[in-house]
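Okay, structure first, notes after.
In the text below, chain A, chain B and the rest are named by the order of the sequence lines, each starting its count at 1.
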Amino acid sequence: MLEIQQLRTDLDNITRELAKRGYVFPVTVFNKLEAERKAIQTKTQELQAQRNTASKKIGYAKSRGEDVTAIMAEVTQFGGELKQAEIQLEQIQEQLQKILLEVPNLPHSSVPQGKDETGNMSIRNWGTPKIFDFEIKDHVSIGEGLGLLDFEAAAKLSGARFSVMKGSLALLHRALTQFMLDQHTQEHGYTEIYVPYLVNTDSLRGTGQLPKFAEDLFAVRAGGVSKDDNTPSFHLIPTAEVPITNMVRDEIVPIQELPLKYVSHTPCFRSEAGSYGRDTRGLIRQHQFDKVELVHLVHPDQSYSALEQLVGHAEKILQLLDLPYRVMTLCTGDMGFSAAKTYDIEVWLPAQNTYREISSCSNCEAFQARRMQARFRNENGKPALLHTLNGSGLAVGRTLVAVLENYQNSDGSVTIPKVLRAYMNGLDQIGKKGGK
RNA sequence: GGAGAGAUGGCCGAGUGGUCGAAGGCGCUCCCCUGCUAAGGGAGUAUAGGCUCAAAAAGCUUAUCGAGGGUUCGAAUCCCUCUCUCUCCGCCA
């Protein structure tokens with residue numbers, strides 16, 4: 001959410017900045033509402049002040065046993081007018097709030113301008129894609145070939161875009177998670193945190209998923225779907241960013257506790273509405289996937305250095321796994337709703353002969369903090385908004401895909417990256433024999 | 001699921017219809033005194049808005065005592081709904 005004062009005083013600039021990300025701010029509607037708001041708010045407050053003074057007089061007079069019928073009559077006179085003004089004001093405020101909640105964040109000045117992913121800028125590459133001297137398979141063929149990946153079973157249990165993993169593949173999936181968590185907690189200074197996978201709407205509004213992106217979520221209610229009331233009680237988290245970041249909602253964090261750095265492993269649930277036909281094969285785009293998420297809650301002065309740090313931590317995982325990747329700065333048109341600046345890390349997938357997103361690291365500045373009133377007590381002892389950052393470190397399912405494809409052997413087996421072997425009961429290869 | 005108790009400022013805690021944005025205490029800030037790992041005295045100390053103002057400063061003003069609604073000229077206080085916390089019982093991994 002943007003600051004309303006900024007919109008009032010600097011509307012032209014903001015409109016121009018928002019246009020860079022393809023967002024058309026409703027200037028006319030906003031100005032009209034603001035003018036109305038100003039008039040009616042002033043009127044309301046004047047009437048309220050009158051009423052308060054009169055009420056105090058009544059109390060004072062009564063305590064001295066004087067007659068109060070005259071003053072009471074006076075108050076009753078404009079009581080109706082006040083009530084009407086209050087209702088009107090509330091309606092206008094609601095409309096303004098609705099507009100505000102749907103406006104995306106302003107892009108940081110360092111963000112390249114562009115209208116879609118073709119405008120993203122590669123800022124560095126790491127590693128060299130391996131040359132294979134045999135015909136490579138994609139991760140689906142590898143997993144199914146080993147009998148360890150079962151999309152038919154998943155379709156039976158749930159439907160499309162779900163997966164079942166078995167045996168050493170399930171173990172590899174778990175090993176990746178464990179490895180990432182250990183790396184972040186022991187080497188990068190994060191506090192591991194276990195959070196709810198079902199959250200309320202306040203949390204989703206706080207991080208920006210609601211009210212605008214409800215169709216991307218799964219809603220849940222106790223006792224099944226009720227016919228007379230379809231209001232969802234909870235939503236399944238689309239990312240751990242939601243519960244973790246909302247830890248500081250309506251909180252004032254003591255400055256000496258900053259920065260807060262949390263890591264959490266959770267499943268993520270996304271309806272992927274609007275992505276029909278994309279990545280229908282395999283593990284790339286699922287309704288349910290695991291992710292290790294990193295969140296920083298920091299002093300505003302620190303948020304851009306924190307962003308660099310955060311990306312570095314995610315990159316470190318790929319380096320240790322020896323998977324080639326590149327880092328992209330997302331352009332204005334491709335950034336998420338809440339982000340002021342985003343780096344995507346894309347991992348090399350040999351079967352697709354391209355780099356695919358495996359992590360997205362964003363600085364949301366005060367955008368989310370303002371929505372959720374997440375604050376700290378600053379140097380002057382005054383509450384001020386925090387800056388919030390989040391990034392995947394990494395998406396586990398996609399990392400698994402990358403390992404399978406990059407570490408595949410000509411006989412259909414997969415070599416286990418060295419750093420994972422300790423988590424794999426010493427296994428150095430998933431092969432036909434290692435299948436169970 | 002059943003029964004009961006509760007939710008007040010940074011913290012503790014008073015307050016059951018009127019001069020209450022809220023006593024008192026703790027903490028914190030500043031000043032004085034004293035003089036040295038202490039004690040005492042005084043003052044100050046919530047948040048979010050609106051308006052005036054070129055702006056700052058300042059002033060005026062509104063809202064906020066878990067949330068929302070209601071009664072009333074007036075609500076922390078009365079009524080209704082909800083949320084959360086605690087205690088006991090039941091159930092349960």
Side-chain angles (χ1 to χ4, degrees), chain A residues 1-12 30-31 33-97 99-101 194-206 221-224 226 228-229 231-235 243 246-258 366 369-386:
Chain A
M1 195 161 70
L2 303 180
E3 214 176 343
I4 187 138
Q5 286 92 335
Q6 214 184 339
L7 282 161
R8 287 183 189 130
T9 57
D10 199 20
L11 189 56
D12 289 350
F30 178 79
N31 281 335
L33 282 171
E34 259 297 289
E36 283 174 18
R37 190 224 92 229
K38 195 165 167 173
I40 290 164
Q41 183 162 3
T42 308
K43 182 180 163 196
T44 306
Q45 294 191 349
E46 270 168 18
L47 289 170
Q48 282 170 332
Q50 272 181 58
R51 181 204 58 198
N52 289 348
T53 327
S55 292
K56 276 190 181 173
K57 265 195 253 170
I58 292 171
Y60 192 48
K62 265 196 171 174
S63 72
R64 309 208 306 190
E66 292 167 9
D67 179 53
V68 295
T69 47
I71 321 172
M72 298 247 308
E74 187 198 322
V75 182
T76 316
Q77 229 173 15
F78 62 81
E81 200 186 347
L82 172 59
K83 191 88 197 162
Q84 207 186 357
E86 280 176 341
I87 291 168
Q88 227 180 329
L89 179 61
E90 194 186 336
Q91 284 170 348
I92 292 167
Q93 300 278 36
E94 264 172 32
Q95 290 177 61
L96 280 167
Q97 185 69 4
I99 292 176
L100 274 184
L101 281 172
Y194 173 85
V195 291
Y197 305 155
L198 294 171
V199 293
N200 58 33
T201 48
D202 284 346
S203 294
L204 289 157
R205 195 177 307 110
R221 69 176 300 116
S226 141
D228 47 8
D229 178 11
T231 311
S233 306
F234 297 108
H235 285 91
N246 275 281
M247 286 289 292
V248 289
R249 170 153 53 84
D250 295 320
E251 298 288 333
I252 298 177
V253 182
I255 192 167
Q256 64 270 18
E257 287 179 21
L258 299 179
R370 190 171 296 113
R371 290 175 157 243
M372 60 184 153
Q373 285 301 297
R375 297 177 293 176
F376 70 104
R377 207 163 278 283
N378 71 13
E379 298 79 355
N380 306 318
K382 292 289 169 194
L385 294 171
L386 287 166

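Counting any heavy atom pair closer than 4.0 Å across all strands shown, Lys57(A) reaches no nucleic acid atom. Backbone-only engagement by Lys382(A) is indicated by non-hydrogen atom pairs under 4.0 Å involving sugar-phosphate atoms exclusively. Within the 4.0 angstrom heavy-atom criterion, no nucleotide atom of any strand lies near Pro254(A). Residue contacts shown for Ala49(A) are limited to sugar-phosphate atoms, with no base heavy atom under 4.0 Å away. Contacts of Arg64(A) with the nucleic acid, taken as non-hydrogen atoms under 4.0 Å apart, are absent. Residue contacts shown for Lys56(A) are limited to sugar-phosphate atoms, with no base heavy atom under 4.0 Å away.
Of the C1' atoms belonging to G74(B) and U19(B), the separation is 12 Å, rounded to the nearest Å. A gap of 14 Å separates the P atoms of U47(B) and G9(B), to the nearest Å. Here, C20(B) and A76(B) have their P atoms 12 Å apart, quoted to the whole Å. Rounded to whole Å, the P atom of A63(B) lies 24 Å from the corresponding atom of A57(B).
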Quick test: give all pairs of protein nitrogen or oxygen and nucleotides 64-69 of chain B nitrogen or oxygen below 3.5 Å, distance rounded to 0.1 Å.
none

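The pairing partner recorded for C88(B) is G2(B), the criterion being a Watson-Crick or G-U wobble arrangement whose two distances lie under 3.5 angstrom. Taking a pair to require two hydrogen-bonding distances under 3.5 Å in either a Watson-Crick or a G-U wobble arrangement, G35(B) remains unpaired. G24(B): Watson-Crick or G-U partner is C12(B), with both key distances under 3.5 Å. Using Watson-Crick or G-U wobble geometry with both donor-acceptor distances under 3.5 Å, U72(B) finds no partner in any strand shown. A 3.5 Å limit on both hydrogen-bonding distances identifies U62(B) as the Watson-Crick or G-U partner of A48(B). Across all strands shown, G42(B) is found opposite C30(B) as a Watson-Crick or G-U wobble partner, with both distances under 3.5 Å. Base pairing analysis places A93(B) opposite nothing; no Watson-Crick or G-U wobble pair with both distances below 3.5 Å involves it. Across all strands shown, the partner of A7(B) is U83(B), judged by Watson-Crick or G-U wobble contacts whose two distances both fall under 3.5 Å.
Arg371(A) places a side-chain heavy atom less than 4.5 Å from the side chain of Arg205(A). A 4.5 Å side-chain heavy-atom check between Arg375(A) and Val253(A) finds every atom pair outside the cut-off. Taking the side chain as every heavy atom from C-beta outward, Ile252(A) and Phe376(A) never approach each other to under 4.5 Å. Residues Met372(A) and Met247(A) form no side-chain contact, since every pair of their non-hydrogen atoms from C-beta on lies 4.5 Å or further apart. Within the 4.5 Å cutoff, no side-chain heavy atoms of Asn246(A) are placed close to those of Asp202(A).
Judged by distance alone, the side chains of Ser55(A) and Asn52(A) never bring a donor and an acceptor atom under 3.5 Å apart. In this structure, a donor-acceptor pair under 3.5 Å is absent between the side chains of Gln88(A) and Glu36(A).
Between Glu46(A) and Lys43(A), no side-chain nitrogen of the basic residue sits less than 4.0 Å from a carboxylate oxygen of the acidic one, so the salt-bridge criterion is not met.
If you find the closest nucleotide of RNA chain B to Thr44(A) and to Ser55(A), the one lying nearer the 5' end belongs to Ser55(A). Mapped onto RNA chain B by nearest heavy atom, Glu3(A) and Gln50(A) fall at different nucleotides, with Glu3(A) at the one closer to the 5' end.
Closest to the Lys38(A) side chain, of the nucleotides G18(B), U52(B), U62(B), is U52(B). The side chain of Arg37(A) lies closest to C51(B) when the candidates are U47(B), C51(B), A63(B). Candidate nucleotides C73(B), G10(B), A63(B) were compared by shortest atom distance to the side chain of Arg377(A), and G10(B) ranks first. In the set G49(B), U62(B), U47(B), G49(B) carries the atom at the smallest distance from any side-chain atom of Gln5(A). Closest to the side chain of Gln45(A), from the set A63(B), U47(B), U61(B), is U61(B).
The distance from atom NZ of Lys62(A) to atom C1' of U19(B) is 15 Å, rounded to the nearest whole Å. The CG-P distance, from Leu89(A) to U61(B), rounds to 19 Å in whole Å.
Heavy-atom neighbours of Gln84(A) CD from other residues, nucleotides or ligands within 6.0 Å: at or below the threshold of 12.
Phosphate contact (OP1/OP2 of G74(B), side-chain N/O of Asn52(A), threshold under 4.0 Å): absent.
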